[in-house]
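Structure first, then comments.
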Amino acid sequence: MNVKERYESAKAMYAKIGVDTDAALERLKGIPISMHCWQGDDVIGFDHDGPLTGGIQTTGNYPGRARNPEELMADIEKALSLIPGKHKVNLHACYAIFEDGERADRDKIEPKHFAKWVEFGKKNGVAFDFNPTCFSHPMAEDSLTLSSPNETVRKFWVDHCIACIKISEYLAAEQGCPCAMNIWIPDGMKDVPADRLGPRARFKQSLDEILAVPYDKEKVLVCLESKVFGIGMESYTVGSSEFTINYAARNGIISLMDNGHYHPTEVVSDKISSMLLFNDMIALHVTRGVRWDSDHVVLFDDETREIAKEIVRNDAIDRVLLALDYFDASINRISAWVTGMRNMQKALLYALLSPNKKLKELQDAGKFTELMMRQEEMKTYPLGDVWNYFCELNGAPVQEDWFAEIEKYEEEVLSKRK
Ligand code: RNT
Ligand code: ZN
């Protein structure tokens with residue numbers, strides 16, 4: 001049976017439980033996911049040659065890391081060609097591109113340093129999201145940035161974030177659609193603080209100063225990401241969940257939840273509905289923490305599916321800014337992108353192919369036996385047949401066929417990067 005025939009038979013099976021597969025495919029096609037450029041080069045960027053700091057870590061030494069803009073762009077292009085649908089690319093400030101020996105420190109970067117990216121975006125039909133890079137820099141050596149007690153340091157990072165808003169505005173104008181700009185700071189302490197309030201008050205003040213600069217709120221969607229701990233920041237993080245949620249709610253910006261940034265038995269899937277009740281928009285970094293915030297590649301696992309279900313069944317596809325955030329240096333990095341992006345899409349498709357209305361009715365009627373049975377039976381419905389057809393319709397390789405491209409690219413391109 002070919003892909004189309006299998007799809008037709010799957011379609012009939014889903015139709016029996018009231019699910020319209022054609023509508024699901026149409027909906028999935030319109031869900032952009034922001035693909036993080038930093039998986040391609042182990043979160044290094046082009047503006048420094050120091051180590052990755054800020055309490056985050058890549059492990060592994062798989063050959064073929066992108067070492068310059070040309071390589072990273074070529075790798076992103078390759079990845080996007082293997083992912084169905086239209087997506088965004090998420091940039092960090094450290095991916096600024098300097099020409100002719102010119103250099104600008106993070107507090108002085110300008111839109112022109114992203115002109116090459118804009119050109120790349122236009123050529124490939126992708127739009128960008130953006131992030132200030134408050135780590136991997138001499139001014140962030142003790143992992144204190146926007147909360148630093150040193151005014152020179154704090155001011156440097158305020159200026160950096162203001163520069164990033166300008167760059168985000170430029171990206172939005174060039175691409176003709178909004179640019180989400182996410183602020184995450186590593187600030188925290190390895191051991192028991194003597195003052196938890198002071199750093200948070202300074203972080204608040206810094207954010208106030210950044211947001212006081214006028215910008216177009218329709219074009220730049222400022223997000224604020226929380227975190228519970230980092231490597232070397234085990235006892236205290238300034239930008240905790242309570243801090244970011246309260247700050248965002250009070251100041252009209254968007255809360256960003258990264259599912260690696262909570263205590264291990266806490267799940268973001270359970271937080272989404274509460275956040276949706278009190279916010280017009282929310283933002284997510286989908287990742288996979290293994291025992292800690294390890295940023296493993298996103299799999300088609302329970303939590304990814306549960307996150308997708310919360311977005312879809314609460315009718316919130318247009319209210320959730322969906323981005324991925326992981327960095328695995330132990331495997332082929334392009335494969336890491338493609339695997340994670342396709343898995344996120346599969347999870348969304350799984351949610352779109354669930355008889356959500358019917359399941360809610362069962363819950364409300366207290367029919368928990370049938371509810372469990374139906375939710376479990378859904379797991380073995382022919383999702384794969386619908387997914388394969390989606391790939392075929394949207395010009396991406398079907399099933400594992402994309403991997404041949406990865407192997408070819410590894411042999412012809414990546415293996416030559418020595
Ligand atoms: C770190 C945060 C943050 C970074 C990226 C590189 O724990 O998740 O989002 O991973 O900005
Ligand atoms: Zn994140």
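The first residue of the sequence shown is numbered 1, and numbering continues consecutively from there. Ligands are counted one by one from 1 in listed order, and the atoms in each one are counted from 1 as well.
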Centroid-centroid under 6.0 Å between F114 and F130 rings: yes
Within a distance under 4.0 Å of any heavy atom of D293, pick out the atoms of ligand 1 and give their elements. 7 (O)
Checking the N or O distance criterion of under 3.5 Å, is ligand 1 in contact with N131? no
Can you name the N, O or S atom of E225 that is closest to the Zn ion (ligand 2)? OE2
Please check if atom CG in D20 has more than 12 non-hydrogen atoms from other residues, nucleotides or ligands closer than 6.0 Å. yes
So if I count the atoms of ligand 1 from 1 in the order they appear, which ones are less than 4.0 Å from some heavy atom of I56? 1 (C), 7 (O)
Interfacing atoms of ligand 1 (cut-off 4.0 Å, heavy-atom, F327): 10 (O)
Whether H285 has an N, O or S atom under 2.8 Å from the Zn ion (ligand 2): yes
Residue, atom name and distance, where the atom is the protein heavy atom closest to atom 4 (C) of ligand 1: D325 OD2, 3.5 Å
Does CD in E411 sit with more than 12 non-hydrogen atoms of other residues, nucleotides or ligands closer than 6.0 Å? no
Can you name the N, O or S atom of D325 that is closest to the Zn ion (ligand 2)? OD2
Between Y350 and F300, how do the two ring planes meet: parallel, tilted or perpendicular, split at 30° and 60°? perpendicular
ring-ring contact (aromatic ring centres under 6.0 Å, His included) assessment of F243 paired with F203: CA-CA 10 Å; F243 180 97; F203 185 24; 4.7 Å; yes
Atom nearest to the Zn ion (ligand 2) - D258, N, O or S atoms considered: OD2
Closest to atom 6 (C) of ligand 1 among protein heavy atoms sits H92 NE2, 3.4 Å
What I want to know is whether D295 and ligand 1 share at least one N or O pair that is separated by under 3.5 angstrom. no
With heavy-atom distances below 4.5 Å as the criterion, would you say the side chains of S148 and W157 are in contact? no
May I ask whether H36 has any heavy atom positioned less than 4.0 angstrom from an atom of ligand 1? no
Please work out which of the three classes, parallel, tilted or perpendicular, describes the rings of F229 and W292, given edges at 30° and 60°. tilted
So that I know where these two stand, are H92 and W184 an aromatic pair - ring centroids less than 6.0 Å apart? no
If you measure every N or O of E225 against every N or O of ligand 1, does any of those distances drop under 3.5 Å? yes
Is the gap between the ring centers of Y326 and H296 under 6.0 Å? no
Among H285, Q39, K227, H261, the residue with a heavy atom nearest to atom 2 (C) of ligand 1 is H261
